[in-house]
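Structure, as structure tokens:
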There are 2 protein chains.
Amino acid sequence: MSINTELDLDRPMRDVRHEAVLNIVRTASVLGQRGADLFRRFGLTEAQFNVLFSLKYKERNWSQSDLGRRLVVTRASVTSVLDKLEEKGLVERLQVPGNRRIYHVDLTAEGQKLLDKVEPLYRNDIHEVLSGFDEETCRNLIQQMEVIRTRVQALGESK
Amino acid sequence: MSINTELDLDRPMRDVRHEAVLNIVRTASVLGQRGADLFRRFGLTEAQFNVLFSLKYKERNWSQSDLGRRLVVTRASVTSVLDKLEEKGLVERLQVPGNRRIYHVDLTAEGQKLLDKVEPLYRNDIHEVLSGFDEETCRNLIQQMEVIRTRVQALGESK
DNA sequence: TCAGAATTGTTTAAAATCAAGCGGTCTGCT
DNA sequence: AGCAGACCGCTTGATTTTAAACAATTCTGA
């Protein structure tokens, strides 16, 4: 009845690097769906939560483009997600003196309040899921992910 | 000009476990986009490629539900992706004797042929991106990802 | 046996995403 | 100063994905 016995997830691997990539992607997918289930209880999609969360912990002003790079989505996606969040009164676009091209995006008080309700549950989930990972393991994992992203970027530039 | 100097990706982390999760998700996203760029040159989306690829290496017959579990997408998604692939003549739904509820999905000769063109480039990309990862590192990484998925699943069942 | 529960594939409506392209704006170079 | 190029946010149109509901089918347990 387990997914491992029903599918062939535990068969021997031909290409261990490829299998590593598959595992990263699949794990991100599982994590994302778990998150989505949680966020939905608060009327938020995953994309919407990601925006709110990023805004809460930003340490300087972010334009919509900055947000897009941070979340690895296009500017067009940022626009549509922000439209939804602004409708709900959770974020606001602020005009930037001296630069009429960009908006700085910020949480409203209401957005802050909603996030304060969701975030503890979210962090609790993560803590539970990674309970077996000590700090060193996490740092090592983070560094490996960074290496991969750097390599992908280099690959894209040499194109 | 680098993304790391422009954004705050390298600031000290408050919650190393959470940062690990973010890194996994972000890396999967970057990998997915890199893949999508490649697949598009062959008229395929990422989801379509994933289906073709899974079918090529399956070791027994898979229903659409099996495929969905394997790819971590819903049955509805599988239906729509298969519709597209069937239109293009790359896969086929086969009736299963003795069970009128399910289809077994398979590559057509044409699907096989297309995949044979894309796969070398795909594997080459992956090999390049993970060139700094030896076999042990990969196996370790894979195991960590499996642990995370198992924990997420356990979390979902205790719900 | 056989009625209730579970599973399968599909449909529908909503949301996210993207590429492409648009004007408006800023910057850097001459 | 002025112009070309880069950047920003937005719109459009298309695709993908999902949750939810549905009918058909299969399974299960009393």
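A, B, ... follow the sequence lines: proteins, then strands. Residue 1 opens every chain.
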Do the side-chain N or O atoms of Ser65(B) get closer than 4.0 angstrom to the phosphate oxygens (OP1, OP2) of dG9(C)?
yes
Do Arg101(A) and dC7(D) share a donor-acceptor pair, side chain to base, under 3.5 Å?
yes
If an axis is fit to five pairs at each end of the helix from dT1(C)-dA30(D) to dT30(C)-dA1(D), what is the angle between the two, to the nearest 10°?
40°
Walk me through it: do Tyr57(A) and His18(B) pass the test ring-ring contact (aromatic ring centres under 6.0 Å, His included)?
CA-CA 13 Å; Tyr57(A) 289 104; His18(B) 176 244; 7.6 Å; no
Short N-O contact, Asp125(B) and Arg17(A), less than 4.0 angstrom
no
Any Ser77(B) side-chain nitrogen or oxygen under 4.0 Å from OP1 or OP2 of dT16(D)
no
Which of Glu92(A), Glu86(A), Lys88(A) passes side chain to side chain contact (heavy atoms under 4.5 Å, CB included) with Thr108(A)? Answer is Glu92(A)
Whole angstroms only, please: what is the CZ-C1' distance between Arg40(A) and dA16(C)?
14 Å
Give the rounded distance in Å between these two atoms: CD of Glu46(B) and C1' of dT16(D).
11 Å
Comparing Asn99(A) with Val81(A), nearest DNA chain C nucleotide closer to 5' gives the residue Val81(A)
Between C1' of dT10(C) and OH of Tyr103(B), the distance in whole Å
10 Å
Any salt bridge linking Lys113(A) with Asp116(A)? Criterion: basic side-chain nitrogen under 4.0 Å from a carboxylate oxygen.
no
Rounded to whole Å, how long is the line connecting atom CD of Gln33(B) with atom C1' of dT15(D)?
15 Å
Atom CD of Gln64(B) and atom C1' of dG9(C) are separated, to the nearest Å, by 6 Å
What integer distance in Å separates Phe39(A):CZ from dA15(C):C1'?
16 Å
Let me spell it out: for each of Ile102(B) and Thr74(A), pick the nucleotide of DNA chain C with the closest heavy atom. Which residue's pick is nearer the 5' end?
Ile102(B)
Look at the rings of Tyr122(B) and Phe39(B) and say which category their plane angle falls in: under 30° parallel, 30 to 60° tilted, over 60° perpendicular.
tilted
Would you classify Ala47(A) as touching base, sugar-phosphate or nothing, given that sugar-phosphate means primed atoms plus P, OP1 and OP2, and contacts are heavy atoms under 4.0 Å?
sugar-phosphate
Check this one for me: any side-chain N or O of Gln48(A) less than 4.0 Å away from OP1 or OP2 of dA16(C)?
yes
Quickly work out the Arg34(A) CZ to dT18(D) P distance and round it to whole Å.
17 Å
Could you check Arg100(B) against Ala76(A) and say which one's nearest nucleotide on DNA chain D is further toward the 5' end?
Ala76(A)
Kindly give the cluster partners of Val96(B), where membership spreads through any ILVMFWY side chain lying under 4.5 Å from a current member.
Ile102(B)
What integer distance in Å separates Leu67(A):CG from dT17(C):C1'?
15 Å
So which heavy atom on Phe133(B) is nearest to which on Gln144(A), and how close?
CZ-O, 3.7 Å
Return the 5'-most residue of the pair Asp37(A), Arg93(A) with respect to DNA chain D, ranking by each residue's nearest nucleotide.
Arg93(A)
